[in-house]
Amino acid sequence: MPPIMMQQRPIRSQRLQDLPPYLFIEIDRRRRAKIAAGADVINLGVGDPDRPTPSFIIDAMAEAIRDPRNHPYPFDAGHPEFRRAAARFLQRRFGLTVDPARHILACIGSKDGIAHLPLAVVNPGEAVLGADIGYPVYRSGAIFAGAEYIEMPLLEERGWLPDLDAIPAPALARARLMWVNHPGNPTAAVAGLNFYAQAAHLCAEHEIILASDNAYSEVFFEQQPPSLWQVSGLNIEEFAGIEFHSLSKTFNMTGWRIAFAVGHPEVVAALGAVKGNCDSGQFNAIQQAGAVALDQSDHPEVAAMRETYRERRDALCEGLRRIGVFARPPAASFFVWAPCPKGYDSFAFCGRCLDEADVVFVPGGGFSPRANHYFRAALTVEVDRIREAIDRLGRLRW
Ligand SMILES: Cc1ncc(COP(=O)(O)O)c(C=O)c1O
């Protein structure tokens, strides 16, 4: 037998190699080094709720996990009770009437649905439209499907909404899918029904499927953010659209991996067909507990969490202003998206905050070169730690 040689061809597929470089890598390395050296790091970087899942959901899970009916493979499109609870939530919160059997699909976190949707509805060589400052999975999902990702710039002067009138005609002709995300990560921008109506008309005219990522719909401080499906005259049986809702942020359930999509029956079924070939759904017990959560979306613990984020938001925005950073308080989401102090780009600013104050922010330049004078702070640490972060930053000369 000749010796077994190392293969010369790259292990990573071309589509993996095509993903953009991870620009947060340097800040991440410095953060890890600080923590390893024993520094008291205040991490305003992670968009992951810091408080535990409310106890009424844990209790529901404890009961569900003991029920042997929850132990086999889950149902393909989701547990019927979870999908019915999702429909009840949509009715209560947005006034929508949907058929849980045809319009709703359970997802293993909305990331699962977002990443797989292009595989379900976009052909190689077609294009996906999405924000240039946004959740990176819109782009990676498009690349995995062999599609081109066409950026829709988000600009501060437009309230961080894309200018739908400015999308070039050739892009509209090639596109098969358009992503919108409001309340947005990282910009926190909330869209009104006018925006969704404009997007829906444009997509209908150009035969583009419209996908709305509404993962932050329940983290709000002012008006409740709307759903795409509230657009007047939009019929879920006719309009090729889909919207993602997640239990992650609403109920502090990021680790549980539970979300749902609501949309046109064929779009939902196409996504379900891809997922049916990749995973076998989320554990039934988690779906049962998720149903209990959705049915109590107005539980006092959920409302209290919003108040906690509001208190943190106000402390952070006021504190930042004291050090010369004009941070507009977000109306929704748990992100503050703010311009860096004069003279700093985002990597230089976030680098100094970390090196000299042990405070982690996310540099906007990691999302897009267009965002290189902004940074993102997540409201996912307690208010006394936010004040401590501000005190430390205030001791530096800017
Ligand atoms: C805008 C946005 N959409 C979707 C997700 C995915 O959330 P999950 O998969 O937990 O539902 C995130 C996570 O941070 C996000 O920021």
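The chain is numbered in sequence order, starting from 1. Counting starts at 1 for both ligands and their atoms, following the listed order.
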Considering only protein heavy atoms, which is closest to atom 3 (N) of ligand 1, and at what distance to one decimal place? Asp213 OD2, 2.5 Å
Short list, please: which atoms of ligand 1 are under 4.0 Å from a heavy atom of Ser248? 8 (P), 10 (O), 11 (O)
Any nitrogen or oxygen of Ser246, main chain or side chain, under 3.5 Å from a nitrogen or oxygen of ligand 1? yes
Measuring from atom 16 (O) of ligand 1, which candidate in Phe335, Tyr216, Phe334 has the nearest non-hydrogen atom? Tyr216
Heavy-atom pair of closest approach, residues Ala327 and Leu320: CB-CD1, 3.9 Å
Under a 4.0 angstrom heavy-atom cut-off, which atoms of ligand 1 come close to Asn181? 1 (C)
If you measure from the Lys or Arg side-chain nitrogens to the Asp or Glu carboxylate oxygens, is any gap between Asp50 and Arg312 under 4.0 Å? yes
Tell me whether the count of non-hydrogen atoms from other residues, nucleotides or ligands lying under 6.0 Å of CD in Glu237 goes above 12. yes
If we ignore hydrogens and angles and just use 3.5 Å, is the side chain of Ser246 paired with the main-chain N or O of Gly109 as donor and acceptor? no
Side chain to side chain contact (heavy atoms under 4.5 Å, CB included) partner of Arg376, the single match among Thr187, Val362, Val336: Val362
Residues Arg93 and Ser297: side-chain donor-acceptor under 3.5 angstrom: no
Closest to atom 13 (C) of ligand 1 among Lys249, His245, Lys111 (heavy-atom distance): Lys249
Tell me the protein heavy atom at minimum distance from atom 9 (O) of ligand 1, and give that distance in Å. Arg257 NH2, 2.7 Å
Give the atom numbers and elements of ligand 1 that come within less than 4.0 Å of a heavy atom of Gly109. 9 (O), 11 (O)
Best match, Ser333, Ser110, Ala131: closest heavy atom to atom 4 (C) of ligand 1: Ser110
Does ligand 1 have any atom that is closer than 4.0 Å to a heavy atom of Ile114? yes
Would you please indicate yes or no on a ring centroid separation below 6.0 angstrom for Phe349 and Trp398? yes
Is there a nitrogen or oxygen of Asn185 sitting under 3.5 Å from a nitrogen or oxygen of ligand 1? yes
So do Lys34 and Val360 actually touch side chain to side chain, heavy atoms under 4.5 Å? no
